[in-house]
Every structure is written in structure tokens, then in C-alpha cells.
Amino acid sequence: MADANPGRRRSDRSLRLRMFSMLVFRSLTVRGSRIGIALGAILVGAAVVSALTSLYFDISIKMSEELRAFGANVIVTPRSAGQTGGEGTHGIAAETLRAAIGALPQGKIVGASPFLYGVVRLDVANAVLAGVDFQGLRAISPYWQVEGSWVTADFDDRNVMVGRRIAQTMQMKIGSPVTIINRDRTHQVQVRVKGIVDTGGAEDDQVFVNLPLAQRLLDRPDQADLAMLSVIARGGEADALAADLARRFPDIEVRPIRKVSQADGKILDKIEGLMALVATVVLIITILCVNATLTAMVAARTPQIGLQKAIGAGNGSIVAQFMAETTVICVVAVALGLGVGFALAQVLGQAVFGAWVTFRPVVVPLTFGLSFAAALIAAVLPVRGAVRIVPARVLKGE
Amino acid sequence: MTVSNQLTSDATSSRFGSTEQGRMVIDIRGLGKRFGAVAALQDVSFDVQRGEFIAIMGPSGSGKTTLLNILSLLDRPTEGDYHLDGIAVASLTEREQTVIRREKIGLVFQQFHLIPYLSALENVMLAQHYHSVADREEALEALEHVGLAQRRDHLPSQLSGGEQQRVCIARALINAPALILADEPTGNLDADNEGLVMGLLERLRDEGRTIVLVTHNPDLGERTDRIVRLQHGRLAS
Ligand SMILES: Nc1ncnc2c1ncn2[C@@H]1O[C@H](COP(=O)(O)OP(=O)(O)OP(=O)(O)O)[C@@H](O)[C@H]1O
Ligand SMILES: [Mg+2]
């Protein structure tokens, strides 16, 4: 014993850490069943939280994707106050429309197109001419069925798209030449059919050309009749956006178009609260369960804690040990809980929305965070109990 | 200078049972302890010199454990002064007392109090860990010192009472404390093991350690340098 060396270096971090982790893992492995209960409680909590958040985030994202797919959901028209409106005369400056569209938050717009309507003569029959922005039109019309292809360039004066019924009656095919003549017969252009549009709606009787060409043919320079927008907005969001735009641009009227998926948005809004409630309740149960387990664990280990203090463990060491043990349990439980939760999310997704739930990474930190918070709250009282153990009292001889 | 700084340098300079310090390890004056209406100790004064091996004896309930708890800073006196290795310890905060305890005191218990899920060696290393840093080689030497090197990997449940007590002594020794306090260390042992443990304590005394032993056994008391007798919480002369 001659070389007992109490001047051992305190600064040896890695040695201290090794001893500390040995202590933590040994004490965890001796109380298997108790640890199992705490682990199970956190696992269930983490599973429910991750299932609900998976469902929530995924369905939200899918919902806006569906909204995106649904097409135009906001319509902008000139303010009609006091104007009965002679046909083809009352429009808005295309400039105003562009400014209004530009004023929307960038990430919210899926697409937008102005529309200028007028009647023209196609070779032998009359038809409705629609001047559009083809790129925008394509973005807000995902459900259109197009034979041939879309007009891609916005300043393409040579190509047009025609509705299915016009194509049928006039026996047009992709590549057919068409002559468009305005009603005054002052303008005439020769174009080609690039695509045939089938929507089952009014579009089937229209001819689509780019806006500048329509403005020339109809002799309404820089004008448009309305604009259609597709914005990503759920529930009341579309209304809020519309109101905001209308306030900023007094010349125009902005109306959200009611669509079916708004109802889905409302469902999500409603169960959002319910899901938060369920998650909270489950977390509270987790806290109670973990608290009970840790309390029992401290009680069972009272003599050892007393001994540790007697041989020089400070309160900090005791707290650190319990926190480390809780953290280890938590990490294992959350890792397992995330897996179980994802499976649970599939069941819920199928049952409620009839959809598979895609993994969303944000769920992982969220579940970890909430589960750790719950475990820490659960550990406060037991750890305080451990700190308050008085060695002299618990080490007394029987 | 903070207590812990002071202690660190002390511990570094004193390898074991240092004589560089003052001669007095324990110096108590007018010590009293009340538990409500019960006066467990009254006006107890004595001192222990460095290298001394003393026994505290007295009938059950005479206050021996109470006194030892105060000496080991696990409890506070309600009256009187206590200087340990020259430091007035009674007025220190709990945190400071913990530091003093791990630097200066080695404890041996009647019930051994080994951590059940740590091996013999790890139990010794735990005391090193709280003191400074665990050192396997050194802990092994301490086990060798008590004749248990070959049982280093056994859990307390796999050791006999006498062996557990020897591990406990190795743990008490490991940080070269200024003072070893043992409350009836042989109370749970048979005669053979009692002899072994007592022999070990005597050897430690021979190596220069300061030891306070509480015992009921007059034969053991006789083998120490001096006996302090307690009666109803007072020194009996
Ligand atoms: N925590 C306490 N609360 C109240 N009274 C106490 C407490 N601890 C000890 N006492 C009393 O103080 C007196 C001395 O007790 P102590 O344990 O010091 O005796 P002892 O000499 O160690 O006895 P034994 O030989 O049986 O171990 C006893 O009367 C005991 O009842
Ligand atoms: Mg006693």
C-alpha cells in the first residue's frame, strides 16, 4: 500500500467518464424489470407522439400538394361597383394584375394566369378566344387533359391550343393550320394547333392564344378580364390572402373559389386539436409512470446512495448519475418508440385519411424533445429525493 | 484559499498518515448532540494524535455511533468544537464537509455497505472516483493489501462477511485518509474473521494510520493504544 497516490490527477476526463458510465450501466442492468417499466412507458409515449406528429405533418404536406393539384382557387376580377359592363369593354390593366400576383408571398403561389376573352371567327365559325399566360395556365390547370402538347413559350404567336369540341366540329388535328380573324375583320393571323384541350367544361369551346396576341386581335391593348391563381392555402388562409390583396389593390376584387379540399383542411384543423390533446394526455401518463418507477428505484437504492454520499459523492454526482440513467433509458425507448409510432401512423393514416403516411424527418427531433422533456419532468422529484438522502440515517446499523 | 484547494494540496503532500501536518488529527471540545429531548452526547472532549489507534467503548445507547457520525461529518453536533486535521469542520457547509470527508476520512461499517452490483475491485475504485479518478492498478494493490486480489472480480454477494469487510477496509484506505473510522467493523463477523480484520487494523496502525474503532469487544479494545469510554453520552473516566 506504500504507493497509495491520493494525488491522482483529477483532470483525467476520459477515466472519470469511463468510471461514470460503468456505474450508470451497471446500475441500469441490475434492476431490469423496473427499468423495463420506465422504458415501456417512455416507449409508448414516444410512439403515440411520433405517430400523431407523423400523421399531422404528412397529411398537412399531402393536403397542400393536393391543393396544388386541384388548380386555381382564387379569382381576381375588376371591381364591378357601378359598372353593368358592356361586353368586351370593361377590363383591368394587365399591369395591375401582374402587380397583385407579385404581391402575394412567393412560396404560396403555385401559378397564375390572366385571361382576356373575346369572340373571333375561326375560318368558318365563331369561337371564344382566350388570351392567357401559358406557363401560368399550365400550373393552375393540372387536371386538363391535353392531346399534343402545351404551348411553352409565352411569346409564341404561331401556336395555339383549342378546345376539344371546336377541334371536333372543325376537324382540326395537331398541326392543323387555323386562321383567326377578329370581328371587325381588321386583323387576321395564321396559326397552328399545338394542343387539344379536354376539360369537360367551357374550355372545350375556346381557343387559347398568348395574351399579347389576344390583345392585338381584340384590339384591347394591355387589358385582361380576370386572373386565376392557384395558391397554397388551407381553410381560412385563402380568405385572408384574398382580403389582404383586395385591400392593397382597390381596383380589383379577389374571391377564393370554394373547393372540396377545403373541407379536408377543416377536418385536419379540427383533429389537430384532438391530436394535441391525445399527445398531451399520453405524455402526462408517461410522466406519471416514469415518475413512479424512478421513485421506486431511488427507494430501492437508498442505502447505496447514502453510501456513495458517505464516501464523498457530491449532490452533483448523484444528480448526474440519475440523469444519465434516465437519458439512457430515454434514448433506447425513443428509438424503439419511433419505429412503433411510424407503424401506428400507417394504421391511423389508413383509417382516417385512407392514405399511407410518408416518413417526415421533423418527427424525430420533435419526439425526442417531447419525450426527454417528459422524462426530465418525471425525474425531478425522485432525483430530489435522492439528493435529500441523509447518509447517517440510512447507513445506521440494524 | 478555498477548502478544496487547501485539501488538494494537503492530499498531494501527504502520501499516507502524513507527519508534516500537526500532530493532532481529532480535537473535540465540549461536544454535545441532542435529538429533540434526547441528549445523545454531552460535553465530550478528547483528542487523537496522528498514528494513534483508539477504541471507543460503552454500553448500547451510550452514543458511540452518534459520536462517530459527528467525527465522520455525517452528522453535526448541536454544541462544541471539532477540529479535524487542524480544520474547524463543524461550521462548514454540507458541500465543504463532503469534500473533507472524501479527502480525509475512510469509513468502515458494520454492515460493510458495498455496492451490490459492483465487483470488489470496482467498489474500491468507486472511492477513488469520488476522490479524484479511478486507478485500477492502485485499487488492485489495495485489495492485495487486504489479501483479496484474487477475488477482485467477485460481487459482494459472492464474498463472505469477512471478505466483504476487508474490501470495505481497502475502500477506506484507498485515498490515504488522515483518519479511519470504524463502527463495530467486526460486529457481523465470526471469531476467525474478527481476528483477521483486527489484525489488518493493527497492521494499518503499524503503517502509521490514525484509527478510531468502535467496539463492544473488550479484547479488541485492549489491543488498541487507548480506550475512550462513553456512558449515557458522557465520557466515563
Ligand atoms: N436519529 C436519532 N433520533 C433520536 N434519537 C437518536 C437518534 N440517533 C441516536 N439516538 C439516540 O441517541 C442515543 C445514542 O445512540 P447511538 O446510536 O449513538 O448509541 P450506540 O452507543 O451506538 O449504541 P449501540 O452500541 O447499540 O450501537 C440513543 O439513546 C439513541 O436512541
Ligand atoms: Mg452504534
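Chain A is the first sequence line, chain B the second, and so forth, proteins listed ahead of strands; every chain is numbered from 1.
In this structure, A:L15 and B:A134 approach most closely via the heavy-atom pair CD1-O, 3.9 Å. What you find for B:Q111 and A:L395 is that their closest heavy atoms are OE1-O, 4.1 Å. The minimum heavy-atom distance linking A:A392 with B:N69 is given by the pair CB-ND2, 3.9 Å.
Within the 4.5 angstrom heavy-atom criterion, no atom of B:Q97 approaches chain A. Only the side chain of B:L107 has a heavy atom closer than 4.5 Å to any heavy atom of chain A. Looking at A:T29, there are no atoms closer than 4.5 Å to chain B (heavy atoms on both sides), in backbone or side chain. With a 4.5 Å cut-off on non-hydrogen atoms, B:E144 does not touch chain A at all. Both the backbone and the side chain of B:Y117 come within contact range of chain A, each with at least one heavy atom under 4.5 Å from a heavy atom of that chain.
Between the side chain of B:R95 and the main chain of A:G314, no donor-acceptor pair closer than 3.5 Å is present. Side-chain atoms of A:R16 come within 3.5 Å of backbone atoms of B:H129 as a donor-acceptor pair (strictly under, hydrogens ignored). Checking side-chain atoms of B:R102 against main-chain N and O of A:K309 turns up no donor-acceptor pair under 3.5 Å.
Taking a 6.0 Å sphere around CZ of B:R203, one finds it holds more than 12 heavy atoms contributed by other residues, nucleotides or ligands. Counting non-hydrogen atoms of other residues, nucleotides and ligands closer than 6.0 Å to CD of B:E94 gives a total of 12 or fewer. Residue-environment remark: CZ (A:F359) exceeds the threshold of 12 foreign heavy atoms within 6.0 Å.
For the side chain to side chain contact (heavy atoms under 4.5 Å, CB included) test with B:I115, the passing option among A:R301, A:Q304, A:R26 is A:Q304; the others fail.
Here A:V30 is the residue among A:V30, A:V390, A:N315 with the most heavy-atom pairs under 4.5 Å with chain B. In terms of heavy-atom pairs under 4.5 angstrom with chain A, the leader among B:D183, B:L68, B:L74 is B:L74.
Residues B:L118 and A:L23 have side chains in contact (heavy-atom distance under 4.5 Å, counting atoms from C-beta outward). In this structure, the side chains of A:M19 and B:Y130 stay at 4.5 Å or more apart for every pair of heavy atoms. Taking the side chain as every heavy atom from C-beta outward, B:R171 and A:L307 approach each other to under 4.5 Å.
Contact annotation for residues 316-347 of chain A against chain B (heavy-atom separation below 4.5 Å, listed by residue number): A:S317, A:Q321.
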